[in-house]
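Following: one structure in structure tokens, then a few remarks.
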Amino acid sequence: MPTLDKSSLREDFAAYKADYENLCRQGKVSPECKAIFDGLLLLMQLLIAVFLERTTPKGSGNSGIPSSQTSGEDETASKPGSKGKGPKCGDDESENTRRVESTTVSKVTACPCCGRDMSDVGCCGHERRTLIDIVFEIRHEHVDAEIKVCPDCATETRGTFPDTMPGPLQYGLGIIAFAVHMLTAQMVPLKRTAQVLKTITGRSIAEATLLSWVWRLHVALAAWEAAAIEQILAAPVMHADETSIRIKGKNHWLHSYSAGNLTVLFCHPKRGRAAVDDLNIIPRYGGVLVHDRWATYLSYDNCRHALCGSHLLRDLQFIIDSNGHGWARSMKKLLKEAARKVSKSESKALTDQEFKAVRKRYRTILTKGKRELPEPPPRPPGKRGRIAKSDAENLHEALSRYEDEVLRFTWEAEVPFTNNVAERSVRMSKVKQKISGCFRSLKFAEAYCRISSYIKTTGHQGINPLVAIGMALTGKAVETLETR
């Protein structure tokens, strides 16, 4: 039984098409047959393109599928020399950290070679070795309020308690910050967080208490979130992305907006324009919006747009893998070369002459690529709706239509080549969903979004997450934005 692959399929089709064209030139094909065969060849060419695209596996290298969802055969592991370790943590210690540091001098009293006494010989240097360990210390602060009875009027009077002790038992900021950090930043499930706290403190803390701490921080960060949104709206470039998130067993959507080191996350039952309008960030934005070519983003004309180069490179790679089109290979090479020139230039933009050369090559590649694509079949009479197109045709059409959006990174220094800022901000929500499962209520999903936004933003600023949580609980969260 003969085998069928991409190369043999295209070679056989090209050979039959050449024979047919040769017969037509010799006048051996009647006009009626020619009309029928032209339509069949056009349809066959389109079917081959669609077939090759459907049978080509997609992974993180040629599509938007994350590496966690690709098979083990894909090269998704970190490559040697890569530096994708995420943002660096701050060196600041939290206020409740007790640090005990001691130094012991190991003295030299005698020469191990000749045995001479060296007690009176001066030291010419030291070699240090360090041991770092953690010893958990539980602090119990008791306040005993005196109770006295007035000997004259028999009135019973009690001493006052500090404002930080409103009830018989409460937990300090250290435990609260640690618990919230475990739940949000470290993505530890609620039950396991309670178990860890019992192991450390010796007390069983109810899950409801842990959730109340999460909600307390959520409320405390309301002013910070409003101020962060205003700063993002004032930024020249904003990144946007979205991903699915499970809440109460149903699919919701996590929307991310980032600018510089600022990130805000929101969850919404819908994904499309209704959700974007409800969040009311993009409709008020007037700068450059970087995204992944989602039609909803492109529908807003109050801002300029820039398309993510990483998405385009992956889409082009899929066209190369599935159809082997030369125009896709040339376009991928052009975009990578342009990105490399921009990154190496001091102005982070191409000169006018360099840009004109890139644009000329860009348009030439698309013009030549039009010849490689199969012509779309004519619309049958009486049929409505859009004509089905292959992925290669859709990508070619998008590159032709959004030329300025694709090449905007070459002349605007603030516009990056990729949308990685927004993609990184939503990535950890998928990890949390895999580890801890979905959220039980929309209320705490919103709390997770706000707290994660705050921790991500302060982490980019080098602030220890425990310190950042403590600042928020004491009403100092907005100060982290003022010091940017």
Side-chain angles (χ1 to χ4, degrees), residues 64 218-219 221-245 247 250-312 398 401-409 411-427 429 442-443 445-454 456-457 460 477-478 481-482 484:
H218 169 72
V219 174
L221 290 175
W224 175 89
E225 183 182 77
I229 291 174
E230 294 303 319
Q231 287 197 12
I232 289 177
L233 290 174
V237 177
M238 180 174 69
H239 299 259
D241 199 7
E242 76 292 328
T243 189
S244 61
I245 185 171
I247 302 176
K250 296 183 179 180
N251 212 31
H252 286 61
W253 293 91
L254 186 73
H255 296 261
S256 168
Y257 302 100
S258 305
N261 292 332
L262 282 172
T263 297
V264 289
L265 302 172
F266 302 94
C267 57
H268 197 278
K270 297 182 179 180
R271 181 193 183 193
R273 186 168 185 121
V276 177
D277 288 340
D278 287 345
L279 298 176
N280 198 27
I281 293 180
I282 293 180
R284 293 188 292 153
Y285 186 65
V288 178
L289 181 64
V290 184
H291 53 84
D292 55 3
R293 209 172 83 242
W294 187 31
T296 299
Y297 294 143
L298 290 168
S299 64
Y300 290 89
D301 55 4
N302 53 286
C303 59
R304 291 167 292 147
H305 299 268
L307 302 186
C308 174
S310 292
H311 281 80
L312 294 175
R401 181 178 181 182
Y402 301 111
E403 176 186 311
D404 290 344
E405 288 75 8
V406 174
L407 298 179
R408 191 175 299 279
F409 75 96
W411 78 79
E412 292 195 29
E414 298 86 1
V415 179
F417 178 64
T418 69
N419 193 34
N420 290 342
V421 174
E423 291 189 8
R424 285 195 297 264
S425 65
V426 300
R427 187 176 302 158
S429 65
L442 180 62
K443 171 182 176 181
E446 293 174 345
Y448 165 78
C449 291
R450 183 178 292 178
I451 295 171
S452 296
S453 303
Y454 176 68
K456 288 178 186 293
T457 300
H460 285 303
V478 180
L481 296 175
E482 295 174 353
R484 290 182 69 248

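Everything numeric in this text was worked out from a predicted model, so none of it was measured.
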Original post:
If you take all heavy atoms of Val276 and Pro283, which pair is closest and at what distance?
Top reply: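 Smallest interatomic distance, heavy atoms only, reads O-CD, 3.9 Å.
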
**OP:** Can you see which heavy atom on Val421 is nearest to which on Gly260, and at what distance?
**Re:**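 Shortest heavy-atom separation between Val421 and Gly260 comes out as CG1-O, 4.3 Å.
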
Using ring-ring contact (aromatic ring centres under 6.0 Å, His included) as the criterion, list what pairs up with [X], not counting sequence neighbours.
X	result
Trp253	none
His305	His291
Phe409	Phe417

**OP:** On the 0 to 90° scale, with breaks at 30° and 60°, tag the Tyr297-Trp294 ring pair as parallel, tilted or perpendicular.
**Re:** perpendicular

Any donor-acceptor pair under 3.5 Å from [X] side chain to [Y] backbone:
X	Y	answer
Ser425	Ala422	yes
Tyr285	Val237	yes
Ser258	His239	no

Quick one: are [X] and [Y] in side-chain contact, heavy atoms under 4.5 Å?
X	Y	result
His311	Glu423	yes
Asn419	Ser310	no
Arg408	Val288	yes
Tyr448	Ser429	yes
Trp224	Thr457	yes
Leu481	Glu230	no
Asp292	Glu242	yes
Met238	Cys303	no

Measuring from atom [atom1] of [X] to atom [atom2] of [Y], what distance do you get when rounded to the nearest 0.5 angstrom?
X	Y	atom1	atom2	result
Ser256	Asp241	OG	CG	6.5 Å
Arg284	Leu233	CZ	CG	4.5 Å
Leu307	Leu289	CG	CG	10.0 Å
His252	Leu442	NE2	CG	5.5 Å
Ile245	Cys449	CD1	SG	5.5 Å
Leu262	Lys456	CG	NZ	13.5 Å

**OP:** Establish, from distance only, whether the side-chain atoms of Tyr300 and Asp277 form a donor-acceptor pair under 3.5 Å.
**Re:** yes

**OP:** Evaluate the side chain to side chain contact (heavy atoms under 4.5 Å, CB included) criterion for residues Asp278 and Phe266: first the C-alpha distance (whole Å), next the side-chain angles of each, then the deciding distance (0.1 Å), finally the verdict.
**Re:** CA-CA 11 Å; Asp278 287 345; Phe266 302 94; over 6 Å; no

Subject >> salt bridge (Lys or Arg N to Asp or Glu O under 4.0 Å) partners for Arg401, two or more places apart >> reply: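 Partners of Arg401 by the salt bridge (Lys or Arg N to Asp or Glu O under 4.0 Å) criterion come out as none, since no residue qualifies.
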
**OP:** With sequence neighbours excluded, tell me which residues meet side-chain contact (heavy atoms from CB on, under 4.5 Å) with His218.
**Re:** Trp215, Ala447, Arg450

**OP:** Determine which pairs satisfy salt bridge (Lys or Arg N to Asp or Glu O under 4.0 Å) with at least one residue from residues 297-310, sequence neighbours left out, and list them in order.
**Re:** Arg304-Glu412

